[in-house]
Amino acid sequence: MKETIIILGSNGQIGSELTVALRKKFGQKNVIASDIREPQSIEEGDIFEVANVLDKNRLKDLFIKYKPTQIYLLAAMLSATGEQYPQKAWDLNMNGLLNVLDLAVELGIKKIFWPSSIAVFGPHSPKIDTPQYCIMDPNSIYGISKLAGERLVEYYHAKYGLDIRSIRYPGIISWKTAPGGGTTDYAVHIFFDAIAKGKYECFLSADTALPMMYMDDAIRATLELMDAPAQNLTIHSSYNLAGISFTPAEIAQEIKKILPNFEMSYAEGDPRQAIADSWPKSINDEYAQKDWNWKLAYNLEDLTKEMLKNLKNN
Ligand code: AKB
C-alpha cells in the first residue's frame, strides 16, 4: 500500500531526523513536513507546510489536502520549558494531541505515531529497571501531560480502533539538531561544549543517572515500531525503551578518553535537578524486546565516539 505521511513538529530534535528517514523510506513526495514556522532551509522537492497543531481547522485542511495514511505528531513542549509555562505546555501537549486524534477519527486516518517520555514516571515509581506497569505519579507538567496523553491514545485505540503507536523516549542524544527545553539536554550540550570550549558546566549533579539513547537508535526504534504487525503489539499506551543509563560523571569520563583535557564542573541549584530526581535511573523494556524485537545498538562508548567525530567534522 502506498503511504502518505504528515509529520507535525518536523523542525524539532527528533522531527528533523525522522523526516529525513521517512523520506528515504517512503519517497520525498510522500512525506509532508510541517511545523509552526519554516525550517532554515528546504531542499528542492521537499514538501513543507506551516501549521500550528492547536489550529484544528488548519490541520483539517492539511489532512484533506494530502489524505495521509500516517501521522507523526511530534510537536510538544518539553519538561524544563514546561515548568516555565505550565498552561502553555498543557495546552500544546494535550490539545494538539486531541485535535489530531479527533480529526483522525473524523477523516478515517488510522495510523498515528505519538511520542511519550520517561517523564511519565514520578517519585514513587521504581527508580531502577522501571517496569512498563508500575506506580506512575509524574510531578512535572510535561510528565503529567504525557501520562494523560498515554491514557487518551489507549482510549482512542479501544473506542475508535485507531492504530496509535508510541514510545516512552529516554533523553535523545544527537548532533544535527539541538534539543530544546528538556532536562536531559545536558547530555547533548556537553558534546558541543567539549568540542567548542574543552569544558562544560553541567546543570545536573555528577551522580544523576538518567536513561538516554543515541538518535540513530531512536529513529530506528520508531520505524521498527511503526512497521511491526499490529497483532504483535500488546501495549497501546506507550512502550518503555531502556536506552543506556549513565551519570554526568560517567559521560565526562568517556569524553576524557578521547579529549583528555576536557574539564567538567557542576552548577548547583538548577530547577532541572528536581525533575531529573523524580525520573527513573534505568528502564526495563522487555515488552519492546518481545513484541517487536527491539535491540539497542549504541552504548555510551559508541555514542561518545560518534558525537565527537560528527561534531568535529561538521
Ligand atoms: C526532556 O528532558 O524533557 C525530554 C524527555 C526525557 O522527554 N528529553
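Each ligand, and each atom within it, is numbered from 1 in the order the structure gives. Computation of the quantities below employed the complete heavy-atom set of this structure, encompassing side-chain atoms and omitting hydrogens, waters and symmetry-equivalent molecules.
Using bins of under 30°, 30° to 60° and over 60° for the plane-to-plane angle, the ring pair Y287/Y133 lands in the perpendicular bin.
For ligand 1, the atoms sitting less than 4.0 Å from at least one non-hydrogen atom of S79 are 1 (C), 2 (O), 3 (O), numbered in the order shown with element in parentheses. Annotation for ligand 1: atoms under 4.0 Å from non-hydrogen atoms of T183 are 1 (C), 2 (O), 3 (O). Within the listing of ligand 1, atoms 5 (C), 6 (C), 7 (O) sit less than 4.0 angstrom from a heavy atom of S117. Listed by number with element, the atoms of ligand 1 under 4.0 Å from a non-hydrogen atom of I118 are 6 (C). For ligand 1, the atoms sitting less than 4.0 Å from at least one non-hydrogen atom of L78 are 3 (O), numbered in the order shown with element in parentheses. Every atom of ligand 1 is numbered from 1 in the order shown, and the set under 4.0 Å from a heavy atom of W279 is 1 (C), 2 (O), 3 (O), 6 (C).
K281 and I128 make their closest contact through CD-CD1, 3.9 Å (heavy atoms, listed as atom of the first residue, atom of the second, distance).
Under the 3.5 Å distance criterion, the side-chain polar atoms of S79 are matched with a main-chain donor or acceptor of T183. Judged purely by atom type and a 3.5 angstrom limit, T130 has no side-chain atom pairing as donor or acceptor with the backbone of P280.
At a 3.5 angstrom cut-off on N or O pairs, T184 counts as close to ligand 1.
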Walk me through it: do E301 and K257 pass the test salt bridge (Lys or Arg N to Asp or Glu O under 4.0 Å)? CA-CA 10 Å; E301 191 185 341; K257 287 186 191 164; 5.6 Å; no

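Partners of D216 by salt bridge (Lys or Arg N to Asp or Glu O under 4.0 Å), not counting sequence neighbours: none found.
Residue contacts with ligand 1 for I275 are absent, since no atom lies close enough (heavy atoms, distance under 4.0 Å).
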